[in-house]
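As a basis for the values below, the full set of heavy atoms in this structure was taken, side chains included, without hydrogen atoms, waters or symmetry mates. In what follows, chains are A, B, ... by sequence order, proteins preceding strands, each numbered from 1. Note that the coordinates shown come from a computational prediction; the quantities given were computed from them, not determined experimentally.
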Amino acid sequence: MYETDVVVIGGGPAGLMASNAAAEAGASVLLIERFAHLGGQLIKQTHKFFGSEKQYASVRGIDIPLRIAKARELVGERVTIWTHATVLGLFEDGVITVDRDGKYCKVKPSRIIMATGASEKFLAFPNNDLPGIYGAGAVQTMMNVYGVRPGRRVLMVGAGNIGLIVSYQLLQAGVEVVAVVEGLPKIGGYAVHASKIRRAGVPILTSHTLLRADGIDGVKSAVIAQIDNCWQPIPGSSKSLSCDVICISVGLSPLAELLWQAECKMRYVPQLGGYVPLRNERLETSVPDIYVAGDVAGIEEASAAMVEGRLAGLEAAASLGLSTPTIDDERADLRQQLDELRAGPSGEKVRSGLAKAGIV
Amino acid sequence: MLTTTGVADNNLIQRCLPSPSRRALRPYPVIECFQKIPCNPCSTSCPFHAILPMDSIHDIPVLDFEKCTGCGACARVCPGLAIFIIDESRGDGTGSVTLPYEFCSLPQKGEIVSTMNRAGYVVGEGTVIRVSAGKTSGTPLVTLSVPIEQVHDVRFFCSKKDTDQLVSKDGAEINTDKFINSEGVDDEAMICRCEGITRREICELIAEGYTTVDEIKRISRAGMGPCQARTCGPLIADEIARMTGQPRDSILPSMHRPPVIAQPISFFTGGDEK
């Protein structure tokens, strides 16, 4: 049985920051990551990040894991990293079971930081099982991790930030984007992302929906239509667009299976992507010693995930009696950063979601 | 409208421009950042402090054109690629537009390209007069010489041969109203891809009285494949809410037990501990 002060589950933006913070405070940390590389979704993000310098603004997402790794060099001996390791279960006695490179392992931590991220939502439409229909995250993985183009002509469904960014990355990869369709009457993502693809010739069709895919061995076309306020197709507005890929980008859900297993109190909050864990201001869930950070706690931008990760790492270590002389200042600074990222009109959805979840 | 099409209208653009005398004097940036989003690198990176400090990172940048030299440092750091450097001071009937460009390969100096406006339509031709690749992760900047009356329209470009393809792009659209509302067609949507269960099957089960995600899982196997309901679980809950009228937030996902991913039995017997 492997014993450690803190286990961090997930090596994305939240988990990387949590590991560093807990180790800096003096805790021994085991960071468990499912894939072969650390970084989570950051390794696919070729665009420059927003936010402020504290959240690596103007740095490309793909470069951020290296910066965090550099910070880890100072505490390297206290952080153990298992890649290619999937946490399978969380048991009443606090033991975690792990598939580490095909080998069954048990870990007994004093504190757990859950930073498992999110999974993509899918849509039910006729022929949605044809080859050529992908989630936006899958398209990013193909292009930016494996260097494979998903097809020649893509219809993007969803004009949130992910749909807009992946459309742009498709253009950069030399793939045509025939259109972006969005059911809502307004573009959900940042206007600057929308303008970037629009000036490159990609139409963004708000109040439009995907009705069906057509094709036999794979996608050959997609039927879209304009919709009214009640989400009903307007007769005569439908058209068929020729495409060989339909990319679905309609939001994310927190990947919270392990929190359910641990019987953390959960609440359904659509603004945060689905069921999210209730937690206190230290990011501790209703089950003592289990902390959360990043998308598993509610869908937000990666910048907020990094700040939450750092906060969860500090708090988990502090609860073990390990803290730095500056912890009060840093705690206040991190909370202020979160408030700032969630301020303004673009943070309204997250703010209302957090209020619904009783989190302020 | 910016928020429905991604194209900023002329009113918004006019508000970003300096005085006519400043425009004639030297290059200046047009910061096409009209939405309050959490972002401030332009204000912290200007070497001349011409972009005023922000009280909140959601503030829209405010530029002091008198301090600004038009150097382009802001255009290179802007994560939104929303800053363009305009030069109307050349005095030869042409102006220049410097735009952020993150595509391979970069154009050649002297190349003639098709210029495009904010909506992606071709407005004419321009000549590449400068290509500045920038540091490793900086954004390359490309400067185009264009007729002076087009400096506020040109925001992108493509190579001349790509323009021909753009023209034929819309030829594939055909009206297919015959496909829509044909009865029952919608029910063939796949809900559980792992086990091959359609919306029709799920809806029939709900109608028979199976009204929790767990019941539907046990009777149909939906959610028992490799993805372990990550994809279909929320869709099944949506259908239950729709058909039974229960609030969506009262419908629980199926029971989560270890292991979270499917494993062969032999994996557990080969463990490292008693």
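Judged by distance alone, with hydrogens and angles left aside, the side-chain atoms of Ser58(A) form no donor-acceptor pair with the main-chain N or O of Pro79(B) at under 3.5 Å. At distances below 3.5 Å, at least one donor-acceptor pair connects side-chain atoms of Asn128(A) with backbone N or O atoms of Met190(B). The backbone N or O of Val192(A) lies less than 3.5 Å from no partner atom in the side chain of Gln35(B), so there is not a single donor-acceptor pair. One N or O on the side chain of Arg198(A) and one on the backbone of Ala119(B) form a donor-acceptor pair closer than 3.5 Å. A distance-only check finds no donor-acceptor pair linking the side chain of Glu188(B) to the backbone of Pro126(A) [under 3.5 Å]. Although no hydrogens or angles enter the test, the distance criterion places a donor-acceptor pair under 3.5 Å between the side chain of His58(B) and the main chain of Ala343(A).
With hydrogens and angles left out, the side-chain atoms of Gln263(B) and Tyr104(A) include no donor and acceptor closer than 3.5 Å. In the model, Thr139(B) has a side-chain atom that pairs as donor or acceptor with a side-chain atom of Lys48(A) under 3.5 Å.
For Ser52(A), the parts sitting under 4.5 Å from any heavy atom of chain B are the backbone and the side chain alike. Heavy-atom distances place no part of Thr198(B) under 4.5 Å from chain A, backbone and side chain included. If you measure heavy-atom distances from His256(B) to chain A, the contacts under 4.5 Å come from both the backbone and the side chain.
Ring pair Tyr190(A)/Phe34(B): centre-to-centre distance not below 6.0 Å.
For the pair Arg199(A) and Tyr121(B), the cation-pi test (distance below 6.0 Å, angle within 45°) is failed.
Per-residue counts of heavy-atom pairs under 4.5 Å with chain A were compared for Ile251(B), Asp238(B), Ile191(B); the largest is that of Ile251(B).
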Applying side chain to side chain contact (heavy atoms under 4.5 Å, CB included) to Leu341(A) and Ile57(B), what does each step give before you reach the verdict?
CA-CA 8 Å; Leu341(A) 288 168; Ile57(B) 58 171; 4.0 Å; yes
